[in-house]
Structures are given as C-alpha cells and as structure tokens.
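Below is one structure; the comments refer to it alone.
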Amino acid sequence: MSEKLERYLEEVDKCLKPLPITERVDIVKEIKSYMLELQEQMQLNDVQIVEKLGTPKELAREYLGELVEKNTSFRFKNLLAVMAYYGLASATGLVVVPVLGSLSVGFMVSGVLAALAGTVKFAASLLHIDLPFIMFQFGSYTLPTAMAFPLSILVGAALFFGGRALWRVMINQVAAVKRKKETL
Amino acid sequence: MQIEEWKSQIKRGTLEYCILLLIYKKPYYGYEIIQEIANWPIIAAKESTVYPLLRRLLKDGYLTSYWEEAEEGLPPRKYYVITDEGKKYLEAMRGEWKNLTNVITKLEEA
C-alpha cells in the first residue's frame, strides 16, 4: 500500500476518534480492503482511489453520522461523536453544535443541581438546620424555604427538560444537514 | 432539478431494502455490493453510503459478518450474512413495499 493511501487511512482513523478502538480498526481494515480491490479489479491509481472515496473527513463523517442519528438518548460519548461529526461538517457546525451541545448539558446539569439544592435546603429546614448559602432569590427578594422547595423542583425540571429538548434540536440539526448533503 | 432530489429521496428510502434483498440470496462483501447496485442508476450508491449502512445493519443485528482471506494477491474481504432478525426485517419491508406499490397502482389507475 502506497504512502499516500496509508496516510489517507491514518487520517480517517483520526477522524473516527469517538468510536471504540475495535470499530476504528475494523473500519480502516475494510476501507483498506476496498482500496486494494479498486487497485486489483479496476486498476485505479492512488489519485483515482482517493477521489472516489472523498476526503478522509467526509468519509469518517458518514460513519459517525450513522452512529449519531440512531441514538437520541443523552450520553457523553455521543456528545463527542456529535461534535466530531459536525466539526467535520462546516464552520457553522463548529459553532451551532458545540453551543447547543454545551448549553443542553449546562441546562441539564443546572436543572439537577437546582432541584437538588432546593431539596437539600428543604430537608435541612425540616431538621431545623439553616443553610444560608442555599437560597432561592429574585434580585434582592429571598423566597421562604417552604415556597422555594417546590419552585426549585419546577425550575430544575424546566431546566432539565429544556436541556434535553436542546439536545434533540441539535440531533435534528445534524440529521437535517445529513439530508441536505445527500440532496446536493 | 426537483426530480433529482426526489430520486435521491427514493434511493435513500430503498437502499436498505435493496441491499438486504441481495444479501438474503448469498453473503456479499462491500465492494461486491457496490459493483452490483452500480448496474441500476436509480439505486447506485457510493462506498461512503454503503459501508456505513452495512455497519449500521450489523449493529442492529440484521447482519453478521466474517473476514475471509481471499486468494493470492487479493485483500481480505469482510462478508456480510443476513441473520434471522434480518430476515424478519426483510419480510416486514417486503410487506410494506407491496402495500406501497398497491396503493400507487390504484392511484395511477384513477
């Protein structure tokens, strides 16, 4: 296998980073086998082969794309795959998806923390322990604990599901780009 | 042209079915599938579409695969075989396809 093609395979491997190592190895092995078939059966040269396959980034993107669309549940590994996929796609992808991605994660985490804080404060107040550093505040007005608790659950839930919705929006964005690309 | 966009939609919707129909008959490896579907432009697709699709079908359990060392000078080949799950899936698609073609025939008559 020529250096040009070996380098191509290395590039593809790099772009497939979010995937487990066994998958990456297998994917590269299959692409390499395909390249050799093209050489043997169709007598294509390196330039023709690379042209046929597209850039390593685009090729890797197609593999990652299948992984991303299938799974709309939130998993950190998927976040990386999504970012890698879109990062390879376009400049807007470098902005839109990381923003949506980090916002959705931020919202979900904040949502959980808010609900947790409210619960802790409420439980503490039941035991007559005062936790002055946890409070539900609008500007200078502090809510009494009894009211703050249900509100914190509400806000927490809103943030959490808002975050989840943003995550879905991002996944749909990725799917839309993939569809758009196919119609080009 | 709108027709080209429609054709690519058709292709995207049916490629999976076509590929499973092929693999149902016998095990295929990637290059072989790409060569075969190249015979029919309406479903012809690039390796960057076919390979990831095969991988997904594998992940879904509709296919299994094995690597085979080929003859002298030729590279090892990853063959895809349809599973029982895959056969069930294929039957379901076959039914829906029949559904679709019946409807279309009806609409074309009127």
Side-chain angles (χ1 to χ4, degrees), chain A residues 1 5 8-9 12 15-16 19-20 22-44 48-71 78 81 85 88-89 175-176 178-184, chain B residues 1-16 19 27-39 42-80 89:
Chain A
M1 178 118 292
L5 294 180
Y8 183 95
L9 291 170
V12 177
C15 297
L16 292 172
L19 298 181
T22 44
E23 273 213 57
R24 283 163 65 183
V25 167
D26 193 71
I27 290 174
V28 169
K29 187 176 177 187
E30 202 174 18
I31 298 173
K32 180 168 184 169
S33 162
Y34 183 68
M35 285 176 168
L36 290 167
E37 293 278 359
L38 290 178
Q39 283 181 333
E40 287 293 327
Q41 310 257 29
M42 292 171 65
Q43 276 79 47
L44 295 189
Q48 291 169 313
I49 292 177
V50 168
E51 217 184 280
K52 206 173 205 295
L53 289 172
T55 68
K57 284 186 182 181
E58 287 168 349
L59 187 53
R61 205 175 85 211
E62 297 292 334
Y63 280 100
L64 291 172
E66 289 284 357
L67 168 73
V68 165
E69 266 184 60
K70 253 290 165 141
N71 245 319
N78 281 3
Y85 170 86
L88 298 172
K178 187 164 181 234
R179 278 194 297 269
K180 193 113 215 272
K181 187 227 168 201
E182 308 236 16
T183 61
L184 280 176
Chain B
M1 253 215 96
Q2 197 66 12
I3 188 72
E4 291 304 323
E5 192 172 318
W6 184 71
K7 280 163 71 183
S8 85
Q9 298 245 29
I10 297 273
K11 185 188 299 186
R12 213 173 323 113
T14 57
L15 190 58
E16 193 164 325
I19 287 183
Y28 270 84
Y29 66 102
Y31 174 78
E32 223 185 343
I33 291 183
I34 294 168
Q35 289 304 106
E36 183 106 21
I37 61 178
N39 286 320
I42 188 75
I43 57 163
K46 304 195 319 177
E47 48 286 302
S48 57
T49 307
V50 173
Y51 279 119
L53 175 60
L54 288 169
R55 185 154 293 264
R56 187 180 35 89
L57 290 170
L58 196 61
K59 265 215 160 92
D60 290 341
Y62 300 136
L63 301 173
T64 53
S65 66
Y66 60 90
W67 280 96
E68 190 180 272
E69 297 302 316
E71 314 101 40
E72 284 253 7
L74 286 173
R77 291 167 177 168
K78 183 171 175 178
Y79 279 89
Y80 294 88
Y89 185 46

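Residue numbers start from 1 in every chain, and the chains themselves are labelled A, B, ... in the order their sequence lines are given, proteins ahead of strands. We use all heavy atoms of the structure for the numbers below, so side chains are in, but hydrogens, waters and symmetry mates are not. As the structure is a prediction and not an experimental result, all values here were calculated from the model.
Taking 4.0 Å as the cut-off between side-chain N and carboxylate O, Lys59(B) and Glu23(A) count as a salt-bridged pair. Checked for salt-bridge contact, Arg77(B) and Glu37(A) meet the test: a charged N lies under 4.0 Å from a carboxylate O. In this structure, Glu30(A) pairs ionically with Arg55(B), as a charged nitrogen and a carboxylate oxygen lie closer than 4.0 Å.
Counting heavy atoms from C-beta outward, Ile31(A) and Glu47(B) have side chains that stay 4.5 Å or more apart.
Summarising the local packing, CD of Glu68(B) is surrounded by more than 12 heavy atoms from other residues, nucleotides or ligands at distances under 6.0 Å. Other residues, nucleotides and ligands contribute over 12 non-hydrogen atoms within 6.0 Å of the NZ atom of Lys11(B).
To the nearest 0.5 angstrom, Ser33(A) atom OG is 10.5 Å from Tyr31(B) atom OH. Distance check: Leu59(A) CG to Tyr51(B) OH gives 10.0 Å after rounding to the nearest 0.5 Å.
If you measure heavy-atom distances from Gln35(B) to chain A, the contacts under 4.5 Å come from the side chain alone. For chain A, the nearby part of Trp67(B) is the side chain; its heavy atoms alone come within less than 4.5 Å.
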Starting from the C-alpha separation in whole Å, work towards a yes-or-no answer on side chain to side chain contact (heavy atoms under 4.5 Å, CB included) for Leu53(A) and Lys46(B).
-> CA-CA 8 Å; Leu53(A) 289 172; Lys46(B) 304 195 319 177; over 6 Å; no
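Contact tally against chain B (heavy-atom pairs below 4.5 Å) for Met42(A), Lys32(A), Gln39(A), Met35(A): the top residue is Met42(A).
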